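Would you mind keeping the following structure in view while I ask a few things?
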Amino acid sequence: MNKTQRQLVADLHKHSPISEQYRTIRTNIEYSSVDKDLRSFVVTSAGPSEGKSTTVANLAIVMAQNGQKVLVVDADMRRPTVHYTFAIPNTRGLTNVLSKQTSLEEASQQTTIENLFILTCGPIPPNPAELINSQMMEIVLREALEQFDVVFFDAPPVMAVTDAQLLANKADGTIIVTSSGKTDREELIKTKELLTKTNANLLGVILNNKPVDEKNYYYYS
């Protein structure tokens with residue numbers, strides 16, 4: 001099994017305990033607000049290599065499996081990885097749409113998974129923060145919500161650059177991904193503070209890589 005297949009567990013192993021956990025998170029997101037439908041989400045982390053992009057991909061898959069038309073946007077315009085995860089070309093994407101070289105509809109790519117579409121990063125720009133904070137980004141988000149039921153933004157780590165903070169201010173909700181035994185506690189607290197300062201609607205934290213007793217998996221066997 002290659003790296004990509006391991007990442008897309010929600011598609012390849014729909015009845016596994018891990019896939020069930022993603023469906024639980026999906027339910028928690030759906031019921032996180034009673035007054036407003038939450039449709040656009042920024043997924044970020046404190047630092048790199050905490051499983052953020054894998055989490056985005058699998059959450060998007062379980063949303064699509066639920067019958068919703070889902071778009072994953074690779075908003076990490078410094079180290080994009082979504083095109084690797086889904087094994088699709090990255091010749092044009094978000095940066096091309098933001099610079100008005102192409103439309104969202106033309107740049108979005110349908111995956112082999114029903115209802116799931118990807119907007120890759122596209123060519124890496126010299127000014128990611130400026131593009132994210134532009135009026136064009138708000139226009140792209142509005143267009144995305146007209147064409148899709150749910151939009152996920154895979155954003156860079158908060159402690160590395162300001163991109164996630166700028167983007168979180170525009171989305172309906174923000175989710176922090178952290179890795180058990182890896183994430184620095186002080187950095188995680190600082191991440192929450194930085195996002196709160198930009199009026200991000202923090203929905204919660206997803207903990208990755210927590211050791212689990214396999215005896216707890218009997219229900220799924």
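Hydrogens, waters and symmetry mates are skipped; everything else that's a heavy atom, side chains included, is used. Note that this is a predicted model, so its numbers are computed, not measured.
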Original post:
Can you tell me if Ser99 and Gln101 form a side-chain donor-acceptor pair at under 3.5 Å?
Top reply: yes

**OP:** Determine, using the 4.5 Å side-chain heavy-atom cutoff (strictly less than), whether Tyr22 and Ile113 are members of one ILVMFWY cluster.
**Re:** yes

Original post:
Linking I/L/V/M/F/W/Y whenever their side-chain heavy atoms sit closer than 4.5 Å, directly or via other members, would Val150 and Met137 fall into one cluster?
Top reply: no

Subject >> Heavy atoms from other residues, nucleotides or ligands near CD of Glu114 exceed 12 (cutoff 6.0 Å) >> reply: no

Original post:
Minimum heavy-atom separation for Arg92 to Glu106, with atom names?
Top reply: NH2-O, 3.1 Å

Subject >> Glu143 atom CD: more than 12 heavy-atom contacts under 6.0 Å >> reply: yes

Original post:
Would Val42 end up clustered with Phe148 when hydrophobic side chains under 4.5 Å apart are linked, directly or stepwise?
Top reply: yes

Original post:
So, Asn169 and Thr198: side-chain donor and acceptor under 3.5 Å apart, yes or no?
Top reply: no

Subject >> Asp149 side chain to Lys69 backbone, donor-acceptor under 3.5 Å >> reply: yes

Original post:
Heavy-atom distance under 4.5 Å between the side chains of Val43 and Ile206, does that happen here?
Top reply: no

Original post:
Do the non-hydrogen side-chain atoms of Glu50 and Asn208 ever get within less than 4.5 Å of each other?
Top reply: no

**OP:** Determine yes or no for a side-chain-to-main-chain donor-acceptor pair under 3.5 angstrom, with Asn96 supplying the side chain and Gly93 the backbone.
**Re:** yes

**OP:** Report the C-alpha separation of Glu187 and Lys190 in whole Å, then their side-chain angles, then the decisive distance to 0.1 Å, and conclude whether the salt bridge (Lys or Arg N to Asp or Glu O under 4.0 Å) test is met.
**Re:** CA-CA 5 Å; Glu187 285 191 354; Lys190 184 66 174 177; over 6 Å; no

Original post:
Of Ile139, Leu131, Val140, which is the lone residue that meets side-chain contact (heavy atoms from CB on, under 4.5 Å) with Val97?
Top reply: Val140

Original post:
Are Leu38 and Val70 linked, directly or through other ILVMFWY residues, by side chains that come within less than 4.5 angstrom of each other?
Top reply: yes

Original post:
Between Thr44 (side chain) and Ile176 (backbone), is there a donor-acceptor pair under 3.5 Å?
Top reply: no

**OP:** Step through the shown structure and confirm whether more than 12 heavy atoms of other residues, nucleotides or ligands are within 6.0 Å of CZ on Arg79.
**Re:** no

Original post:
With no hydrogens and no angle check, is any side-chain donor or acceptor of Asn66 less than 3.5 Å from a backbone partner on Gln68?
Top reply: no

Original post:
Just by distance, do the side chain of Asp74 and the backbone of Val82 share a donor-acceptor pair under 3.5 Å?
Top reply: yes

**OP:** Locate the shortest heavy-atom distance separating Met77 from Pro125; write the atom from each residue and the value.
**Re:** O-CD, 3.6 Å

Original post:
Do Leu116 and Val151 share a hydrophobic cluster, counting only Ile, Leu, Val, Met, Phe, Trp and Tyr and linking them when any side-chain heavy atoms are less than 4.5 Å apart?
Top reply: no

Original post:
Between Arg23 and Lys14, is there a donor-acceptor pair closer than 3.5 Å when you use the side chain of the first and the backbone of the second?
Top reply: yes

